Amino acid sequence: MSKNEFALPDVGEGLTEAEIVTWAVKPGDTVHLNQVICEIETAKSLVEIPSPFEGEIAELLVETGTTVPVGTAILRMVGDDADPGPATAPAEPASSEGESAGAAHAADAAAAAEPASAAPAAADDENSGAVLVGYGTGGAVKSRRKPGGQPLVVVGPAETAEPPAAGKVYVKPPVRKLAKDLGIDLARVAGSGAGGEILRDDVHAAASGAGTSGSGATAGELRMATSGFVSGGAREERVPVKGIRKVVAAAMVESKFTAPHTSVFVEVDATRTMKFVKRLKQNEAFADVRVSPLLVMARAVIWALARNPEVNSAWAGDEIIRRNYVNLGIAAATPRGLVVPNIKDAHELSLLELAEAIGTLTQRARQGATQPAEMQQGTVTITNVGVFGVDFGLPILNPGETAIVAMGSIKEKPWVVKGKVRPRMVTTVGGSFDHRVIDGDVISRFIADIAAVLERPEHLLS
């Protein structure tokens, strides 16, 4: 490889390959050290790659949408004397959120990082922020983020790091994927966001026949595209297994056929939980956070873990690791697939802080902004299948954990109260457990403790 070629780096995740999602530069552009040149999708997250060179782009060697191994040359600079900037101590790679990939329970504002601004050269070493491992800092990064934190893709013939010219369209990667799945031409969608940014609602509106500018598609064609079937199209298509889907598949196979799963579940009268949630929503302290039964469920799991510490363990072959902390995982369905970020040290949080942490965690997951560190070192996971209207399901353990707790939908059902049948809000709670680590009596007490909190939450949470 010649000196003026830049290879896809290992961004510190044990990466072996990655997909080039977007280019932030084009041939002829002049770039400076640490300027974002492209965005890649690894198995776990979207990551911005900063340039280790200063100079002019001669050629982009890899097309967007292409997956290449680490070490593959992805761009070429003009001339043979392009040289990396001065090396410094390794640092974290620049992420798609422009922030350290650590605490998932940071305040909501942390999910919307400010764009980087220019700084005096004398302050670069201390204030220029995260850089590519081994390349050091070389000035302020020219961000291509708009307010809100999520990187924006410009749809059009020239995708650059500058604001788009007239006729170009702002769109975030998850929204771009949604449009592709629905068969929507983004160039014909009017964006309702700041600066003309296309939002998910704009894409859904286009799919339903509104919000487009002369798409030429009939109402029938739009309905077919929305339903996932297009008349006259190929009867089958083959989708490469990569990214999150590849990681999830491998992890589920390993977990299912390594850890002997056992499951228990119980129906719970959650009427008082629903009333408690309603009271919290009316509380001024909770005015700026989302309150749902999942919050009560999370607090119940933490309380039950304190009473049954064996559940908060991990199998390690010839020993069992007992954890004296709770990193609470929340399973989240995202446009990129299932992710399980966790709230670090959730046992130390107040109810309000826990609500804020859940809100931040789920928002970042839906935006595709979850970073690898946020999905590591989890101890116990919660999955809320009830949000999909499902009564209950038995989940597969997250590898390295002993328990995953599931909560089904909460519905009004007939329930016997003091010898009389009354309408009550009923749900099902249960989960899957690693039988190598804990036995049925511990599992049963753990689930019973969770059910007790859901039945009378005010005694524990008020």
Side-chain angles (χ1 to χ4, degrees), residues 19-24 26 38-41 45-46 63-67 96 144-245 332-339 362-370 387-388:
E19 177 184 342
I20 306 297
V21 177
T22 58
W23 282 107
K26 65 182 185 301
C38 68
E39 185 176 53
I40 65 172
E41 181 176 23
S45 61
L46 293 172
E63 295 183 357
T64 57
T66 303
T67 299
S96 62
R144 61 193 182 96
R145 297 183 188 88
K146 289 181 64 62
Q150 179 74 1
L152 295 173
V153 178
V154 181
V155 176
E159 295 184 351
T160 72
E162 305 297 328
K168 303 300 187 296
V169 182
Y170 281 122
V171 57
K172 296 174 183 176
V175 179
R176 175 170 53 84
K177 182 180 185 303
L178 173 66
K180 180 180 179 181
D181 293 343
L182 296 181
I184 302 300
D185 181 359
L186 287 171
R188 298 179 179 274
V189 178
S192 61
E197 177 190 344
I198 293 178
L199 308 177
R200 296 181 67 88
D201 289 345
D202 299 325
V203 175
H204 285 300
S208 64
T212 59
S213 53
S215 66
T218 66
E221 289 171 335
L222 287 171
R223 282 195 296 271
M224 291 298 288
T226 303
S227 68
F229 301 101
V230 180
S231 178
R235 291 181 62 83
E236 296 180 346
E237 64 175 315
R238 296 180 181 270
V239 180
V241 178
K242 59 183 181 179
I244 284 183
R245 175 51 53 199
T334 77
R336 297 177 59 240
L338 177 69
V339 297
T362 54
Q363 180 185 28
R364 286 172 57 78
R366 288 168 184 154
Q367 291 175 343
T370 302
V387 296
F388 304 108

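It should be emphasised that the depicted structure is a prediction, and the values quoted were computed from it without experimental measurement. By convention here, the first residue in the shown sequence is residue 1.
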Exercise for review: Determine whether Ile40 and Val21 make a side-chain contact, defined as any pair of heavy atoms from C-beta on separated by less than 4.5 Å.
Suggested key: no
**Study point:** Partner residues of Val387 under the side chain to side chain contact (heavy atoms under 4.5 Å, CB included) criterion, sequence neighbours left out
**Key:** Asn384
Check your understanding: Leu338 and Ala333: which non-hydrogen atoms are nearest, and at how many Å?
Key -> CD1-N, 4.4 Å
Check your understanding: What's the shortest heavy-atom distance between Val203 and Leu186, and which atoms?
Key -> CG2-CD2, 4.2 Å
Review point. Can you list the steps and then say if Thr66 with Ile20 is a side-chain contact (heavy atoms from CB on, under 4.5 Å)?
Key: CA-CA 6 Å; Thr66 303; Ile20 306 297; 5.5 Å; no
Review point. Judged by atom type as modelled, is there a donor-acceptor pair below 3.5 Å linking the side chain of Asp202 to the main-chain atoms of Gly191?
Key: no
Point to revise | By side chain to side chain donor-acceptor pair (under 3.5 Å) - contacts of Thr67 (at least two apart) | key: none
Review point. Closest heavy-atom contact between Ala365 and Thr370?
Key: CA-OG1, 3.2 Å
